[in-house]
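Structure first, then comments.
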Amino acid sequence: MWEASGHVANFTDPMVDCRQCKARYRVDVLLEELSLKKKKEILRTLDPAAFAGQLQDQTVIDEFTRRVSADDVIANVIQTMVTCPNCGNKNTFTEAANST
């Protein structure tokens, strides 16, 4: 039914695979499920001066969403700062590819 209506052609969610355990994740879901603590850590890595000290939770959420929205920033964050939820390894994700 989805194919007949043309909806399948419109689904292009970027996906990454863990090279270690072979788990596959949608990039948006992987980033959304990061803990608040991890989001703070990533923001401090991206811009240490702007995010030093105490931060309100909503500020972290808003700034993370704003700053981690460009494809090149997302790729850098996924490749270097996010651990695989399945196996816990870091630096094991493939580059994001669109999945249909």
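These numbers come from the heavy atoms of this one structure, side chains and all, not from hydrogens, waters or symmetry mates. A quick note: this is a predicted structure, and the numbers were derived from the prediction, not measured. Counting from 1, the numbers follow the sequence of the chain as shown.
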Intermediate values then yes/no, side chain to side chain contact (heavy atoms under 4.5 Å, CB included), I42 and L34: CA-CA 10 Å; I42 290 169; L34 290 175; 3.8 Å; yes

K40 side chain reached by D57 side chain, heavy atoms, under 4.5 Å: yes

Minimum side-chain heavy-atom gap R67-F51 below 4.5 Å: yes

Distance (rounded to the nearest 0.5 Å) between M15 CE and N98 CG: 10.5 Å

Cluster overlap V68 with I61, hydrophobic side-chain contacts below 4.5 Å: yes

With sequence neighbours excluded, residues passing side chain to side chain donor-acceptor pair (under 3.5 Å) with T94: none

Joint hydrophobic cluster, L36 plus L55, side-chain heavy atoms closer than 4.5 Å: yes

P85 and L30, any side-chain heavy atoms less than 4.5 Å apart: yes

Heavy-atom check, side chain of V27 versus side chain of D13, under 4.5 Å: no

By side chain to side chain donor-acceptor pair (under 3.5 Å) - contacts of E95 (at least two apart): none

Step-by-step side chain to side chain contact (heavy atoms under 4.5 Å, CB included) determination, N91 to Q79: CA-CA 5 Å; N91 300 325; Q79 294 293 320; 5.9 Å; no

Smallest separation among heavy atoms of T92 and C84, with atom names: OG1-CB, 4.4 Å

Residues E41 and K38 bridged, charged N to O under 4.0 Å: yes

T80 versus K90, closest heavy-atom pair with distance: O-CE, 3.0 Å

Spacing of Q54 atom CD and Q56 atom CD [to the nearest 0.5 Å]: 10.5 Å

Heavy-atom side-chain proximity of M81 to L46 below 4.5 angstrom: yes

Charged N-O contact under 4.0 Å between D17 and K22: no

Same cluster (ILVMFWY, side-chain, under 4.5 Å), L31 and V60: yes

Minimum heavy-atom distance between C21 and N86, given as atom pair plus value: SG-ND2, 3.2 Å

Contact summary for F93 and V82, nearest pair of heavy atoms: CE1-O, 3.6 Å

Euclidean distance, I78 CD1 relative to T83 OG1, rounded to 0.5 Å: 10.5 Å

For C87 against Q20, the heavy-atom pair lying closest together: SG-CB, 4.0 Å

